[in-house]
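Here you go, one structure.
Only heavy atoms go into these numbers, but all of them, side chains included; no hydrogens, no water, no symmetry mates.
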Amino acid sequence: MRDRGRTRRLMGLGARTGGAMLKTRLGGQADWRALGEALFEGLSELKGPAMKLAQIMSQWDDLLPPDLAEELARLQRQAEPMPWPRIREALELQYGDIDHYFSQIEERPFASASMGQVHRATTHEGETIVLKVQYPGLADVLESDLIQVRRIMRLGRWFKVPQARLDALFEELAESLRGELDYHAEAAALARYRERYQDDPRLVIPEPLPALSGQHVLAMRYVAGTPLRELAEADDTTRQGIAQALADWITEELFTYGELHADPHAGNFAADAEGRLVIYDLGAVISVPEGRINAMMQLLDATLKHDAMGMDEALMQMGGRQGQGAPLALYRESAECIAPLFAPGEQDFSDVRVHRRLRELTPKVWAAMDRLQPPADTLLLSRALNGHYWNLVRLGARLDMHKRSLPLLKLAHKR
């Protein structure tokens, strides 16, 4: 992945992004569609951390300009695969003579993303497996790419985000990206999750194959499934079953085990022929301390009570509020947007009125950035929860969040 023009292209994309943000900051109209197209073309080719950052941004559908969000979302669905000869290099680095291990490897990837791509393979015993292959040379360019990502993130100063907070956000992102290159850790996570949820008949987690895995290749048993992003046309029973399983799994992860799957893009999930939720990728799992969970539940509790002062106190405890003058009116509007999802009875996550109201709040959120800042240690947690929420939206989930949240709020108050 070494490319003399790589840094120059990343800097160019950063400058273009900054220009659009500055124009908007000064009251102009940026061409977000054109910027999104440029980011898609550049980042899908470059791969790596900058592309990962854009994918993270694309999951914040409720905060980004619609045209930009739509273009960035293509990075989730249509990332350009790396040519087979380069992938073969990585496989030969891992196995030496790959024909000794496999009778066939499909050259067309089963899936491709920012840090690697997945190819189906057949062993000499006739078993179909998948090989998650890290892009060749990615580890070598990671730190260089991260330098450029840090420069791009400094654009946040235009929105009054303190440099110390930007640095903390960057370090959390960098640690996560470095962790995604550790395939040994992902294999261990797969084994841990398989044992943890072995008695849940609604979940399927692929089995890692240590004998065929290494530093740059992760081998797993193949599990067929319909990707979550393609379930829009599935029957309602299937979609609701997957939505229920996803919501229950996230809740158990957080409140029982203090962990959370932190890479929630739709390509990491599927439904198998029996209607079970398939969880393909565990390359990003974060631990969530009990204190952080309690603070989040305190914020939710105050929000559902339309308690603006309580919301401000919770944000202060989380490190997301500073300066003088609590934006109480913004809190109240936010509560009015969110509370309907937690009203008694089943609520429809595909209700566009909720998303429309949240999007209408975006300019007010940006305007309050001198007082509201993303807590420095919750970047991945917020991104993961937001991504899982949008997966439920895509499924058209109908969930009784009031019933689900009551015991969790009580548990948080007891801790």
Worksheet item: Would you say the side-chain atoms of T256 pair up with the backbone N or O of E253, donor to acceptor, closer than 3.5 Å?
Response: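 Not a single qualifying donor-acceptor pair exists.
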
Worksheet entry | L131 versus A219, closest heavy-atom pair with distance |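 Where L131 meets A219 most closely, the heavy atoms are CD2-CB, 3.8 Å.
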
Worksheet item: Within a strict 4.5 Å, meaning less than it, do heavy atoms of the F102 and L212 side chains meet?
Response: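 Yes. Closest side-chain heavy atoms under 4.5 Å.
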
Discussion item. Measuring only between side-chain heavy atoms, which start at C-beta, is R229 closer than 4.5 Å to N391?
Written reply: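 Not in contact.
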
Practice prompt. Please state whether the rings of Y101 and Y95 are parallel, tilted or perpendicular, taking 30° and 60° as the class boundaries.
Written response: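 Tilted.
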
Worksheet entry | D272: salt bridge (Lys or Arg N to Asp or Glu O under 4.0 Å) partners, not counting sequence neighbours |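 Applying salt bridge (Lys or Arg N to Asp or Glu O under 4.0 Å) to D272 gives R276.
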
Practice prompt. Please check if atom CD in Q215 has more than 12 non-hydrogen atoms from other residues, nucleotides or ligands closer than 6.0 Å.
Written response: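 Atom CD in Q215 is not packed in, count stays at 12 or less.
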
Discussion item. Which heavy atom of P264 sits nearest to which heavy atom of G387, and what is that distance?
Written reply: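 The answer is CG-CA, 3.6 Å.
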
Discussion item. Please enumerate all residues that pass salt bridge (Lys or Arg N to Asp or Glu O under 4.0 Å) together with D97, with sequence neighbours excluded.
Written reply: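 Counting only residues at least two positions away or on another chain, D97 forms no salt bridge (Lys or Arg N to Asp or Glu O under 4.0 Å).
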
Item to complete: Check for a donor-acceptor pair, side chain of H124 on one end and backbone N or O of D99 on the other, with a separation under 3.5 Å.
Response: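 Yes; judged by distance alone, with no hydrogens or angles, the pair exists.
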
Worksheet item: Mind checking whether N294 and Q298 have side chains closer than 4.5 Å, heavy atoms only?
Response: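 They are not in side-chain contact.
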
Worksheet entry | Shortest non-hydrogen separation from P208 to A191 and the atoms involved |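 Distance-wise, the nearest heavy atoms are CG-N, 4.2 Å.
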
Discussion item. Contact between Q347 and M401 at the side-chain level, heavy atoms closer than 4.5 Å - yes or no?
Written reply: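 Heavy-atom side-chain distance check fails, nothing below 4.5 Å.
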
Worksheet entry | Nearest-0.5 Å distance that lies between atom CZ in R196 and atom CD in E252 |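 One gets 8.5 Å once the value is rounded to the nearest 0.5 Å.
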
Practice prompt. Give the ring-plane orientation class for H261 versus F269, where under 30° counts as parallel, over 60° as perpendicular and anything between as tilted.
Written response: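 Ring orientation, 0 to 90° scale: tilted.
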
Worksheet item: Within a strict 4.5 Å, meaning less than it, do heavy atoms of the L93 and V217 side chains meet?
Response: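 No. Closest side-chain heavy atoms not under 4.5 Å.
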
Worksheet entry | Evaluation steps, side chain to side chain contact (heavy atoms under 4.5 Å, CB included), between K132 and M220 | CA-CA 8 Å; K132 182 177 179 181; M220 297 168 280; 4.2 Å; yes

Worksheet entry | Atom pair CG/CD1 of L299 and I338 - distance to nearest 0.5 Å |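 Rounded to the nearest 0.5 Å, the CG-CD1 separation comes out at 8.0 Å.
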
Worksheet item: For residues Q94 and Y183, is any side-chain donor paired with an opposing acceptor at under 3.5 Å?
Response: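 Looking only at side-chain atoms, Y183 and Q94 do not form any donor-acceptor pair under 3.5 Å.
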
Worksheet entry | Heavy atoms from other residues, nucleotides or ligands near CD of E89 exceed 12 (cutoff 6.0 Å) |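 For E89, atom CD is crowded (more than 12 foreign heavy atoms under 6.0 Å).
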
Discussion item. Quick check against the 3.5 Å criterion: does Q240 have a side-chain atom that pairs as donor or acceptor with the backbone of R398?
Written reply: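 Indeed, once roles are kept as given, a pair shorter than 3.5 Å links the two residues.
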
Worksheet item: Are any non-hydrogen side-chain atoms of L277 and V204 less than 4.5 angstrom apart?
Response: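 No, their side chains stay 4.5 Å or more apart.
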
Practice prompt. Among residues two or more places apart or on two chains, list those pairs meeting ring-ring contact (aromatic ring centres under 6.0 Å, His included) that have a residue in residues 209-242.
Written response: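 Only F110-Y222 qualify under ring-ring contact (aromatic ring centres under 6.0 Å, His included).
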
Practice prompt. Quick one: closest heavy-atom pair of A271 and V278, and the distance?
Written response: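 Reported closest heavy-atom pair: C-CG2, 4.4 Å.
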
Fill in: CA sep, side-chain torsions, deciding dist, call: Y135, I87, side chain to side chain contact (heavy atoms under 4.5 Å, CB included)
CA-CA 7 Å; Y135 291 128; I87 295 298; 4.2 Å; yes

Discussion item. Do H119 and Q117 pair up side chain to side chain, a donor and an acceptor below 3.5 Å, judged on atom types alone?
Written reply: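 A donor-acceptor contact under 3.5 Å links the two side chains.
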
Worksheet entry | Steps toward side chain to side chain donor-acceptor pair (under 3.5 Å) verdict (Q198, Y193) | CA-CA 8 Å; Q198 61 183 327; Y193 270 61; over 6 Å; no

Worksheet item: Does a side-chain N-to-carboxylate-O contact under 4.0 Å join E360 and R357?
Response: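 The answer is no: the pair does not qualify as a salt bridge.
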
Discussion item. Assess the residue pair V133 and M82 against the criterion (side chain to side chain contact (heavy atoms under 4.5 Å, CB included)); give the C-alpha distance rounded to whole Å, side-chain angles, the decisive distance to 0.1 Å, and a yes or no.
Written reply: CA-CA 11 Å; V133 187; M82 181 163 283; over 6 Å; no

Discussion item. Do P327 and L372 have side chains that approach each other closer than 4.5 Å (heavy atoms only, starting at C-beta)?
Written reply: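 Yes, side chains in contact.
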
Worksheet entry | Residue list, salt bridge (Lys or Arg N to Asp or Glu O under 4.0 Å) with R292, at least two apart or on another chain |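 Here the qualifying residues are D377.
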
Worksheet item: Is there a side chain to side chain contact (heavy atoms under 4.5 Å, CB included) between H184 and L218 once you walk through the steps?
Response: CA-CA 8 Å; H184 294 298; L218 174 60; over 6 Å; no

Worksheet item: Considering all heavy atoms of both residues, which atom of M311 and which atom of T303 are nearest to each other, and what is their separation?
Response: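 Minimum heavy-atom contact is CE-OG1, 3.6 Å.
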
Worksheet item: salt bridge (charged side-chain N to carboxylate O under 4.0 Å, His left out) between R192 and E186: does it pass, once the steps are laid out?
Response: CA-CA 10 Å; R192 183 172 74 253; E186 182 172 358; over 6 Å; no

Discussion item. If you compare all heavy atoms of F255 against all heavy atoms of M297, which two are closest, and at what distance to 0.1 Å?
Written reply: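 It is CZ-SD, 3.6 Å.
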
Fill in: With sequence neighbours excluded, residues passing salt bridge (Lys or Arg N to Asp or Glu O under 4.0 Å) with R221
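Salt bridge (Lys or Arg N to Asp or Glu O under 4.0 Å) list for R221, sorted by chain: E127, E207.
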
Fill in: Distance-only donor-acceptor check, side chains D235 and T238, under 3.5 Å
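The criterion, which ignores hydrogens and geometry beyond distance, is satisfied for T238 and D235.
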
Item to complete: Please round to the nearest 0.5 Å and tell me the distance separating atom NE2 of H265 and atom CG of L228.
Response: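 Rounded to the nearest 0.5 Å, the NE2-CG separation comes out at 11.0 Å.
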
Item to complete: Find the distance between CG (L203) and CZ (R194) and round it off to the nearest 0.5 Å.
Response: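 Spacing of CG (L203) from CZ (R194) equals 12.0 Å.
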
Item to complete: Could you list the residues that satisfy ring-ring contact (aromatic ring centres under 6.0 Å, His included) with Y280, not counting sequence neighbours?
Response: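 Expected list: none.
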
Worksheet item: Taking NZ, NE, NH1 and NH2 as the nitrogens, is one of them in R88 or E107 under 4.0 Å from a carboxylate oxygen of the other?
Response: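 No, no charged N to carboxylate O under 4.0 Å.
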
Discussion item. Within this structure, what is the CG-CD distance for the pair L190 and E195, rounded to the nearest 0.5 Å?
Written reply: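 Separation between the atoms: 13.0 Å.
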
Practice prompt. May I ask you to decide if A234's main-chain N or O and R239's side chain share a donor-acceptor pair within less than 3.5 Å?
Written response: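 The answer is yes, because a donor-acceptor pair under 3.5 Å joins these two groups.
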
Discussion item. If you define the side chain from C-beta out and look only at heavy atoms, does anything of L361 sit under 4.5 Å from S334?
Written reply: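 Contact flag for L361/S334 side chains = yes.
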
Practice prompt. Look at the aromatic rings of Y389 and F349 and report parallel, tilted or perpendicular, splitting at 30° and 60°.
Written response: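 Tilted, since the angle between the ring planes falls between 30° and 60°.
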
Practice prompt. To the nearest 0.5 angstrom, please state how far the CG atom of L254 sits from the CG atom of L408.
Written response: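 Interatomic distance, L254 CG to L408 CG, rounded to 0.5 Å: 9.0 Å.
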
